[in-house]
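As the structure lists them, so they are numbered: ligands from 1, and atoms in each ligand from 1. Throughout, residue positions are numbered sequentially from 1 according to the sequence presented.
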Amino acid sequence: MPFDHLRRRDFLAYGSAALTGLAVLRSSLAQAFPARPGEEVVPWADQPPPVPDAASSVVQNLPKWEDLNAWLTPNDQFFSVAHYDRPVIDETSWALEIGGSVGRPLRLTLDEIKARPRREVIFTLECSGNHGFPWFTSAVGNARWAGTPLAPILAEAQVRGSSREVVFFGTDAGEEQVRDAKMRQSFARSMLLADAMSGDNILAYEMNGAPLPQPNGFPLRLIAPGWYGIANVKWLDRIEVWDRPFMGRFQARDYVTLREEQRNGRVVGIETSVGRDRLKSVPAKVTRQGNQYRIIGAAWGAPIAKVEVQVDDGPWMAARIDRSEEADHAWRIWSVDWDRPSPGEHRITSRAVDFEGQVQPAMDDPVIANKRTYWESNGQVTRRVRVS
Ligand SMILES: Nc1nc2c(c(=O)[nH]1)N[C@H]1C(S)=C(S)[C@@H](COP(=O)(O)O)O[C@H]1N2
Ligand SMILES: [Mo]
């Protein structure tokens with residue numbers, strides 16, 4: 001499976017194993033954003049501008065990085081992105097349909113889905129547009145999602161041999177235009193059959209121990225650990241198996257990356273659909289206790305081997321990574337102590353390195369600099385802070 005290099009140790013808890021896992025998680029919460037007695041948060045000098053009116057219905061509940069204190073992002077601090085409306089669904093009349101290129105179409109109520117085997121996964125979900133605009137810098141959160149595995153449901157529906165991909169439909173819909181033709185369509189995204197069958201994917205009805213909040217997809221959403229937010233279809237009501245490529249707006253027209261790349265000394269324009277997460281880190285906050293400053297951040301998108309931090313044009317310093325919580329698809333919280341910084345404004349940049357030695361790209365790396373659309377903005381993030 002293409003996923004296997006990411007799966008050093010799954011945090012997929014079953015039955016009694018779930019209890020052990022949760023105990024480990026709870027004990028680690030206090031350390032995740034390390035705090036010292038009496039310390040204060042030094043607010044960033046470069047606060048993001050407010051969400052512009054044109055985007056304010058699509059993007060909601062962006063948290064302030066300075067306000068995040070825990071490895072698991074509380075539901076009330078978790079961002080919400082919705083491209084159409086945020087449907088209010090009556091769970092008693094709602095059902096999930098599985099059809100298309102299958103031998104045995106299924107219809108499952110929420111009770112029937114909850115009666116199936118339960119699985120939890122801790123997954124850091126990031127909108128691929130995050131850091132694509134100055135106001136869009138905290139569309140990422142880490143939650144403990146609970147639901148039932150997707151693969152056995154597809155197997156029960158008897159996927160036909162000729163099948164190519166699985167399309168996930170939400171109940172939210174809008175008018176879409178191609179050339180001069182207009183048509184009402186549901187939000188939808190597809191995955192290749194092999195990707196959909198990954199043991200990591202769940203149909204989730206819980207987020208951090210509570211029923212899925214309405215802005216995050218109540219009553220059911222796909223959680224595809226390792227994939228950008230867009231793949232994690234909310235307000236799910238239909239799954240179809242197809243033998244031809246799905247070409248909907250959020251697959252093939254929006255959420256596509258245009259990049260100029262070199263091929264034998266020639267520049268070629270490459271266009272790809274946004275898919276798996278990319279290696280990324282951000283400085284989250286600066287705290288201080290007297291003269292003792294500390295920089296705290298998060299890193300995700302790939303198994304994190306190390307994180308380095310640069311202040312102004314100084315040397316890259318190794319950050320401590322909190323390894324007390326281990327979950328393959330969850331962010332790592334890191335920190336560096338910053339003793340007696342000189343008064344004035346400073347620039348703080350972080351870069352993550354994965355276990356394959358890949359380094360989060362600098363903003364002037366061609367992979368970022370030659371990108372023409374704003375999605376998949378995983379370049380190094382620089383924040384500014386004022387020391388008195
Ligand atoms: N049905 C539906 N699912 C959706 C979307 C949507 O607009 N409709 N937005 C996607 C995008 S772009 C992102 S980033 C994530 C955001 O998940 P969240 O709102 O729970 O943070 O949901 C994804 N799933
Ligand atoms: Mo997104």
Side-chain angles (χ1 to χ4, degrees), residues 51 55-63 68 72-89 94 96 121 123-133 135-147 167-176 184-191 201-208 210-240 246 248-257 273-278 280 300-301 331 373-378:
V51 179
S56 63
S57 64
V58 175
V59 176
Q60 290 181 0
N61 210 38
L62 287 178
L68 296 177
L72 289 173
T73 311
N75 291 356
D76 63 5
Q77 287 182 302
F78 209 101
F79 77 99
S80 164
V81 171
H83 289 282
Y84 299 128
D85 58 339
R86 285 176 177 75
V88 178
I89 295 174
W94 173 94
L96 175 69
V121 60
F123 165 46
T124 299
L125 187 146
E126 185 189 20
C127 177
S128 54
N130 194 32
H131 291 96
F133 300 101
W135 51 268
F136 201 39
T137 61
S138 58
V140 57
N142 186 43
R144 174 160 44 94
W145 310 92
V167 192
F168 300 88
F169 294 88
T171 59
D172 50 329
E175 189 105 319
E176 293 300 343
R184 194 172 160 79
Q185 285 178 280
S186 300
F187 180 94
R189 273 283 298 200
S190 74
M191 285 181 126
N201 297 334
I202 62 172
L203 301 179
Y205 43 76
E206 259 181 44
M207 181 177 178
N208 292 323
L212 212 52
Q214 189 247 338
N216 307 98
F218 180 87
L220 194 76
R221 79 180 300 173
L222 175 65
I223 284 295
W227 292 72
Y228 272 119
I230 189 72
N232 296 259
V233 177
K234 304 190 281 188
W235 307 296
L236 192 64
D237 72 346
R238 205 150 45 94
I239 299 177
E240 289 187 8
F246 169 74
R249 171 177 159 194
F250 299 101
Q251 192 81 28
R253 294 196 296 288
D254 270 358
Y255 287 87
V256 291
T257 294
S273 183
V274 168
R276 288 175 204 276
D277 285 328
R278 286 173 174 256
K280 190 162 173 179
W300 66 90
W331 61 19
T373 46
Y374 68 86
W375 295 284
E376 300 184 287
S377 290
N378 69 319

Please confirm whether the ring centroid of W145 lies under 6.0 Å from the ring centroid of F78.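 Yes, ring centres under 6.0 Å apart.
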Which segment of [X] sits under 4.0 Å of ligand 1 when only heavy atoms are counted:
X    : answer
D172 : side chain
F79  : both
E126 : neither
P215 : backbone

Check salt bridge (charged side-chain N to carboxylate O under 4.0 Å, His left out) between K234 and all other residues, then give those that pass, not counting sequence neighbours.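 For K234, no residue satisfies salt bridge (charged side-chain N to carboxylate O under 4.0 Å, His left out) once neighbours in sequence are set aside.
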Give me the residue, atom name and distance of the protein heavy atom closest to [atom].
atom                    : value
atom 7 (O) of ligand 1  : H83 N, 2.8 Å
atom 9 (N) of ligand 1  : V81 O, 3.4 Å
atom 3 (N) of ligand 1  : K234 N, 2.9 Å
atom 17 (O) of ligand 1 : R221 NH2, 3.1 Å
atom 13 (C) of ligand 1 : G229 C, 3.6 Å

With respect to W375, which candidate in F133, Y255, F136 satisfies the ring pair (Phe, Tyr, Trp, His ring centres under 6.0 Å) definition?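 Running ring pair (Phe, Tyr, Trp, His ring centres under 6.0 Å) over F133, Y255, F136 with W375 returns exactly one hit, Y255.
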Backbone or side-chain N or O of [X] under 3.5 Å from ligand 1 N or O:
X    : answer
L125 : no
Y255 : no
Y84  : no

Cation-pi check, R189 to F250: give yes when NZ or CZ is under 6.0 Å from the six-membered ring centre and within 45° of the ring axis, no otherwise.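 Because its charged atom misses either the 6.0 Å distance or the 45° angle limit, R189 does not stack over F250.
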Among F187, F78, F250, whose heavy atom sits nearest atom 6 (C) of ligand 1?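 That would be F187.
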Side-chain donor/acceptor of N75 to backbone N/O of M207, under 3.5 Å: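 Yes, because the side chain of N75 sits within donor-acceptor range (under 3.5 Å) of the backbone of M207.
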With distance as the sole test, does S80 use its side chain to make a donor-acceptor pair with the main-chain N or O of Q60 at under 3.5 Å?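 No; zero donor-acceptor contacts below 3.5 Å.
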Ligand 1 atoms in contact with [X] (distance to a heavy atom under 4.0 Å):
X    : answer
A82  : 7 (O)
N216 : 18 (P), 19 (O), 20 (O), 21 (O)
C127 : 14 (S)
S80  : 19 (O), 21 (O)
N232 : 22 (O), 23 (C), 24 (N)

Kindly indicate, with the supporting measurements, whether the criterion side-chain contact (heavy atoms from CB on, under 4.5 Å) is fulfilled by R249 and Q185. CA-CA 9 Å; R249 171 177 159 194; Q185 285 178 280; 5.5 Å; no
Side chains of residues 214-221: which donor-acceptor partners sit under 3.5 Å, not counting sequence neighbours?
unit_1, atom_1, unit_2, atom_2, d
Q214, NE2, R86, O, 2.6
Q214, NE2, P87, O, 3.0
N216, ND2, F79, O, 3.4
R221, NH1, N216, O, 3.2
R221, NH2, N232, O, 3.0

Mind checking whether T124 and D277 have side chains closer than 4.5 Å, heavy atoms only?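 No, too far: nothing below the 4.5 Å cut-off.
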When you compare the side chain of N130 with that of Y228, does any pair of heavy atoms fall below 4.5 Å?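 Answer no - side chains too far apart.
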Roughly how far, to the nearest 0.5 Å, is the CG atom of D254 from the CD1 atom of I230?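 The CD1 atom of I230 sits 8.0 Å away from the CG atom of D254.
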